[in-house]
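Just below is one structure, and these are the notes that go with it.
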Amino acid sequence: MIKTVLFDLDGTLADTAPDLAHALNRTLEAFGRPPLPYERIRPVVSHGGVALLRLGFDLGPGEPGYDERRAHLLEVYRANLTRETRPFPGIPELLEWLEAGKRNWGVVTNKPAWLTEPLLEQLGLLARAAVVVSGDTVEPNKPHPAPLLHACHQTGSMPGQCIYVGDAERDIQAGRAAGMHTLVALFGYLAAADDPAAWQADGLINAPGDIMEFILSAEASKPSVR
């Protein structure tokens, strides 16, 4: 039986790209650069603040000016966590279905807890999650399986009883290494160059409702014990 469904946060559970794009564009403007089109920012969001700042300023950690711009980006983002961010369509119904079936769910993200937990709280999801593993909960981060294995321990599920859903290759790498079922959220923040079919996930889903079908199909295929 599938007991636990674990979600990546950005691009899987919640559509956070509009607010992260807002934060990046306000930071660009603050440092004398023009804003970028949303379509250029969206595919980068799942890769975090480092990727956003590299996109906007062509700067990476340790380079002059990076820390100042990063601090500004995070300050703007923290003040606007749920300005436009919402769960993806179909997520609320999926979570209700999981809870009604006595299954639990949680979040495993590389986003730091000081952003993850307020965001989930503002969406009304923090108290409902069986576990929330943020980027600073355990080390190392995804694609290492440690955060997912920690989530298993916290929920009381074995890895084989868990599904991890994500929209980045590192999510699938982490889930596979942890021994979980893995699903790629095609509705997330995939870039044009991404090839999710090559990530060796157990399935590619077009909408959150497809997770219900995967669970029912997986359980129906298990041989009965006689």
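No experiment lies behind these values; they were computed from the predicted model shown. Heavy-atom basis, side chains included; hydrogens, waters and symmetry copies ignored.
Clustering ILVMFWY residues whenever any of their side-chain heavy atoms sit less than 4.5 angstrom apart, transitively, puts Leu20 in the very cluster that holds Ile41. Tracing side-chain contacts under 4.5 Å through hydrophobic residues (I, L, V, M, F, W, Y), one never reaches Tyr164 starting from Leu9; they form parts of separate clusters. When the side chains of ILVMFWY residues are joined at heavy-atom separations under 4.5 Å, either directly or via intervening members, Tyr38 and Leu36 end up in two distinct hydrophobic clusters.
A side-chain contact (heavy atoms from CB on, under 4.5 Å) with Lys111 is found for exactly one of Asp8, Leu119, Asp136, namely Leu119. Of the residues listed (Val131, Leu6, Leu94, Leu125), the one engaging Trp105 in a side-chain contact (heavy atoms from CB on, under 4.5 Å) is Leu125, and it is the only one.
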Under the side chain to side chain contact (heavy atoms under 4.5 Å, CB included) rule, what do Arg54 and Glu63 come out as? Steps first, then yes or no, please. CA-CA 11 Å; Arg54 192 172 296 282; Glu63 295 184 78; 4.2 Å; yes
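Scored by the side-chain contact (heavy atoms from CB on, under 4.5 Å) test, Ala30 finds His72 as partners (sequence neighbours excluded). Taking Asn110 as the reference, nothing meets the side chain to side chain donor-acceptor pair (under 3.5 Å) condition, with sequence neighbours excluded.
Contact detail for Leu24 and Gly56: the closest heavy-atom pair is CD1-CA, 4.4 Å. Of all heavy-atom pairs spanning Asp167 and Asp171, the tightest one is N-OD2, 3.1 Å. Between Tyr66 and Gly62, the closest heavy-atom pair is CD2-N, 4.4 Å. Here the closest heavy-atom approach between residue Glu139 and residue Ala146 is recorded as O-CB, 4.0 Å.
How far CD of Gln200 is from CD of Glu169: 9.5 Å, rounded to the nearest 0.5 Å. Put simply, CZ on Arg128 and CG on Leu95 are 5.5 Å apart, with the number rounded to the nearest 0.5 Å. A distance of 10.5 Å separates CD1 of Ile205 from CE of Met212, quoted to the nearest 0.5 Å.
Side-chain contact annotation: Thr4 with Asn104, donor-acceptor N/O pair under 3.5 Å present.
For Arg70, the CZ atom counts as loosely surrounded, since its 6.0 Å shell holds 12 or fewer non-hydrogen atoms of other residues, nucleotides or ligands.
Contact of the Phe57 side chain with the Thr27 side chain is registered, since non-hydrogen atoms from C-beta on lie closer than 4.5 Å. With contacts defined as side-chain heavy-atom distances shorter than 4.5 Å, the pair Val5/Phe214 does not qualify.
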